[in-house]
Student: 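Pasting in a structure now, in structure tokens, and then I'll have a few things to ask.
Computed from a predicted model, the values in this text were never measured in an experiment. Numbers restart at 1 for each chain; the letters A, B, ... are given by sequence-line order, proteins then strands.
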Amino acid sequence: MANDKNELLSKNFEPQQVDDKWYKHWLDQGYFKSVPDGREPYTIVMPPPNVTGVLHMGHCLNNTIQDILIRHARMSGKNACWVPGTDHASIATEAKVVGMLRERGIIKSSLSRDEFLAYAWEWKEKYGGIILSQLKKLGCSLDWDRTTFTMDQHYYDSVVKIFVDLHSKGVIYRGKRMINWDVKALTALSDEEVIRKETNQKLYYLRYALSDGEGMTNEEDQDAIIIATVRPETIMGDTAICVNPNDERYKHLHGKYAIVPLINRRIPIIADEYVTMDFGTGALKVTPAHDQNDYALGQKHKLEVVDCFNDDGTMSEAAQIYVGEDRFAVRKKIAIELEEKGFLVKTDSYKSEVGYSERTDAVVEPRLSMQWWVSTEKLASPALKAVMEEEIKFYPPKYRNLYRHWMENIKDWCISRQLWWGQRIPAWFDEAGNIFVAENEAAAQQKAKAHHGDNSFTLKQDEDCLDTWFSSWLWPFEVFRGYSNPGNEEINYYYPTQTLVTAPEIIFFWVARMVMAGYEYMEAKPFDAVYFTGIVRDKQGRKMSKSLGNSPDLLALIDLYGADATRFGIMIASPAGNDILFDETALEQGRNFNNKMWNALKLVQMWEDKVTDIQATAEDEFAMRWFANRLAEVKAEVAEQMKQFKLSEALKVIYSLVWNDFCSWYLEWVKPGMEAPIAATVLEKTKGYYTELLLLLHPFIPFITEEIQKQISPESGDLCIAQFTETITADKTILQQGVLLQQVISALRDVRNKQQIKPKEKIQVSLQTTESDMYRQISDIIQKQTNSDSFEFVTEKIAGAFTTVVGKDTFYVAGGEPTDSGLQKENLEKEKAHLMSFLVSVNKKLGNEKFVQNAKPEVIELEQKKRADAEEKLKIIEENLQSM
RNA sequence: GGGAGUUUAGCUCAGUUGGUUUAGAGCAUCUGCCUUACAAGCAGAGGGUCACAGGUUCGACUCCUGUAACUCCCACCA
């Protein structure tokens, strides 16, 4: 697969040349396929995107995280299984299909159910797979053979069976209630599908004349009652006016009647404490058909219900006027008419929360209607317990509170939708309105026959279908046919799954319900952990949306930067649960990182031509020992972070290890001179370290790591299925020596900068230290890294040289123009001042009797060491200052 | 109206049970470099009274109380 070793590598990494090649290779090798075996499983079921969807930044984040977890598990000896799929998304898809038909000049109502469904399936086959194929571009290591759709036959059947089962248990029932009605989609919505938005409205003050008992209007104002409403178009549905019984202004009106303007309906004036006296006029028009509260009031006071709207939000016959016109058009018109006829007293501007349909963005109409419901109380209790007792862990844990709050206040779930695309409700009615719930028509017939004792009936199936979430809550087990084929090998092996990665927005829609279904049907949790991603926002923190046009084209980004850079960019700053502010510069950072690694590869490959069997130098040995330990240290750190799902942090740490420790320090330390050879052992070790880095990075940026691995070692196996190596315990001493070396190099380079010594100009370094043995093994590195042509140990100050102190060692740098003693004096004075004030604070601490009494011995010891170190260093600096 | 969360360098965030050389990283900024792996780069530097006010403690970014700002969730004031 890999290029020939001697082939010239391109200047920069070109993802377009390698991404597809490797994805195809991994697929051909079947690396993403999982079958149950002796290994421990690591299972993730992908949150199935809507068939209507196209890949957006949210999917990118979500699936990148899942792929990182899955690849990390695969490389950790686990049997990794990641299941893809799509959701039929009843409302959203039906809306798309209706739209498509409209473009072709077909109206839905002119089609039979079967004809419509044929179009819907056609649409699904054509567009439904796009989003999954886009995930391949991202590098997602999904087990494609397991791809599941929520309307696959086994899945559809399971949904229906579960409906029947819950109905037989009395958990599912039918009831007439106030529901949220979507006038665009013409269906009921669950409470969760309603988005409340603060909306500017007008509050209309309307004058309702008081009735003399004969239904006559009286034109005098004192004989009227004024109400405030934001919905003047519903006055035709008014069946009472309500005031607070304690409201002195209206006490004389209790039991009297008022006249609804325009239609002259006579309605009673009732009293109820529900009404707030200081809102509006303290008098409320009661419209039981169009408001939840009014409905409750109506029930209590046995009021008539007048529904003045049609399904689609136009005025109904019952409204008497404006029949067939849209509710919002009528609102404007009726206000004018009311004003003209003297019923409108005034208007105020007013802000309130209005419910919008999540799917169609239509203003939701509260409506009384017969629907199917899931009683959630019993299902909720084990589901609440599992999260509270951390049998299921949430990352970040703050979402436990949110979950608890919802579960403790859970309401029944409206599951019927007046749509065709979805699982049809398995309930049949006879002419008398008896309901028979059964898996299929034959079974319903049997039930009906048993009920009637003969065949004197015809059955008609409920026209409605089920809420999408009533199918997606089975996802974690039915993708393994855990319900349709209970106890099969796969469900036993893969369930419970390990991690669910999803957005907090669907914690109620989906997460909570999967937990309920898991306990109800598998008698076990669906997953061990839930990782909540944040919301992807734009640079200014706004949500990405089509209307704002701030949602970047993901595929274009992948084309431009490559999949790895895209994954890097989205992951580098997105801790669990935090919203991420998407900024294209992060992708640039990812691309730059790829180039950095690519160039390191080029460097190492150049060394191939310089190999000899010479011995590694002491400096090489030091560099290698240091890097091996540094690598060990980071590996341990990364392992810990992965365990805690700190993916962003892990990536940052590896990034820094590669760029700073490996490229900036290690490679420079072992780099041979221009014409000099390199020891074979050094090259081999270096390639080994590089491979270790690639292993760590592979879950994050799979393509380039696979490519580089093949470049440095064409015979090696594929990184995709490679296993992480064991971690040794890092040696603290060598790590500290490494840090010291870096500090020395930086300090000397700083002197060069401050003295304005040109990079090409050599410097001469002298060192006054008590650790000359240690420095002897790294002196060549220091010289190489600071471009100095001499390095000597001395016992006193070098005249005319620039003095700088690192730790307890004093360096004298000569070279370039004569030293500016003012500058170096200033430098040392600054450091002196810093040490002095530091000493003051340490001394204060150590001088405090209570501190010495109460603090832990190791803390006191540390403070004493701090003091000793600071004093020693201060002494060195003062000596240097004196000799200036 | 109720609940939760956030507030640390210009930006995005780390900071584990209070003590780790008087707060770390990346990006951005500034200075000097086209040094043959890399200018999409290299080297170096600057930048924070840890939102504010109290309290507990020998010691607070870390614990407690209050205040402010922002974010999210839930909720039937027309």
Student: With rounding to the closest Å, how many angstrom separate the C1' atoms on B:U12 and B:G48?
Tutor: 15 Å

Student: In terms of side-chain heavy atoms of A:Q589, which of B:G26, B:A37, B:A78 is nearest?
Tutor: B:G26

Student: Between B:A78, B:G5, B:U12, spot the one nearest the side chain of A:Y350, thanks.
Tutor: B:A78

Student: Please verify the inter-ring angle class for A:Y666 with A:Y689; under 30° counts as parallel, over 60° as perpendicular, anything in between as tilted.
Tutor: perpendicular

Student: For a quick check under 3.5 Å, do A:Q743 and A:S746 share a side-chain donor-acceptor pair by atom type?
Tutor: no

Student: Counting just side-chain N and O atoms, does A:Y655 come under 4.0 Å of either OP1 or OP2 of B:C27?
Tutor: yes

Student: Given B:A78, B:U21, B:C73, identify the nucleotide with an atom nearest to the side chain of A:T229.
Tutor: B:A78

Student: Any N or O donor-acceptor pair under 3.5 Å from the base of B:A40 to the side chain of A:N595?
Tutor: yes

Student: Say you pick atom C1' in B:G18 and the same atom in B:C30; how far apart are they, in whole Å?
Tutor: 37 Å

Student: Say you pick atom P in B:C52 and the same atom in B:A23; how far apart are they, in whole Å?
Tutor: 16 Å

Student: Have a look at A:V852 and say if it touches a base, only the backbone sugar-phosphate, or nothing, with a 4.0 Å heavy-atom cut-off.
Tutor: nothing

Student: Using the C1' atoms only, state how far B:A9 lies from B:G55, rounded to an integer number of Å.
Tutor: 29 Å

Student: Out of B:U21, B:C74, B:A78, which has the shortest distance to the side chain of A:K866?
Tutor: B:U21

Student: Given B:A45, is OP1 or OP2 found less than 4.0 Å from the side-chain N or O atoms of A:N753?
Tutor: no

Student: With distance as the sole test, does A:S190 use its side chain to make a donor-acceptor pair with the main-chain N or O of A:W413 at under 3.5 Å?
Tutor: no

Student: Determine the contact category for A:E353: base if any of its heavy atoms lies under 4.0 Å from a base atom, sugar-phosphate if only primed atoms, P, OP1 or OP2 are that close, otherwise nothing.
Tutor: base

Student: Provide the distance between the two P atoms, one in B:U29 and one in B:C74, to the nearest whole Å.
Tutor: 41 Å

Student: Using a cut-off of less than 4.0 Å, is there contact between a side-chain N or O of A:S352 and OP1 or OP2 of B:C77?
Tutor: no

Student: I'd like to know if A:D869 reaches the base of B:U21 with its side chain, counting only an N/O donor and acceptor under 3.5 Å.
Tutor: yes

Student: Looking only at side-chain N and O atoms, does A:H834 come under 4.0 Å of OP1 or OP2 in B:U22?
Tutor: yes

Student: Any idea which of B:A78, B:G44, B:C76 is nearest the A:N293 side chain?
Tutor: B:C76

Student: Closest approach to the side chain of A:K411, judged atom by atom: which nucleotide of B:A75, B:C77, B:G19 is it?
Tutor: B:A75

Student: Look only at the side chain of A:Q605 and the backbone of A:Q711, and say whether a donor-acceptor pair between them is shorter than 3.5 Å.
Tutor: yes

Student: Can you figure out which of B:A14, B:A40, B:U20 approaches the side chain of A:L862 most closely?
Tutor: B:U20

Student: By the 4.0 Å heavy-atom rule, please label A:K671 as base, sugar-phosphate, or nothing.
Tutor: base

Student: By the 4.0 Å heavy-atom rule, please label A:E649 as base, sugar-phosphate, or nothing.
Tutor: sugar-phosphate

Student: Could you work out which one of B:U12, B:C58, B:C76 sits closest to the side chain of A:N848?
Tutor: B:C58

Student: Would you say A:S746 reaches B:G44's phosphate, i.e. side-chain N/O to OP1/OP2 under 4.0 Å?
Tutor: yes

Student: Just checking, any donor-acceptor pair under 3.5 angstrom between side chains of A:N827 and A:K830?
Tutor: no

Student: Students often get this wrong, so: under 4.0 angstrom with heavy atoms, is A:W607 touching a base, only sugar-phosphate, or nothing?
Tutor: nothing

Student: From C-beta outward on A:K11, which listed nucleotide comes closest to its side chain: B:C13, B:A37, B:A39?
Tutor: B:A39

Student: Could you check whether any side-chain N or O of A:D348 sits under 3.5 Å from a backbone N or O of A:Y350, counting only pairs where one atom can act as donor and the other as acceptor?
Tutor: no

Student: Using the C1' atoms only, state how far B:C50 lies from B:A25, rounded to an integer number of Å.
Tutor: 16 Å

Student: Check this one for me: any side-chain N or O of A:K596 less than 4.0 Å away from OP1 or OP2 of B:C42?
Tutor: yes

Student: A:D750 or A:L601: which one's nearest nucleotide on RNA chain B is closer to the 5' end?
Tutor: A:L601

Student: CH2 of A:W598 versus C1' of B:A39: gap in Å, rounded?
Tutor: 20 Å

Student: Which is more 5' along RNA chain B, the nucleotide nearest A:N660 or the one nearest A:T276? Just name the residue.
Tutor: A:N660

Student: So, is A:W406 close to the B:G2 phosphate, meaning a side-chain N or O under 4.0 Å from OP1 or OP2?
Tutor: no

Student: I want to verify a distance call: between B:G19, B:A40, B:G44, whose nearest atom is closest to the A:R591 side chain?
Tutor: B:A40

Student: Please measure how far the P atom in B:U62 lies from the corresponding atom in B:G54, and state the result in whole Å.
Tutor: 14 Å

Student: Taking A:E761's backbone N and O only, do any of them form a donor-acceptor pair with A:R752's side chain (distance below 3.5 Å, no angle check)?
Tutor: yes

Student: Taking only the side-chain nitrogens and oxygens of A:K856, find out if one of them lies under 4.0 Å from OP1 or OP2 of B:G18.
Tutor: no

Student: Between B:G41 and B:U35, how far apart are the C1' atoms? Round to whole Å, please.
Tutor: 11 Å

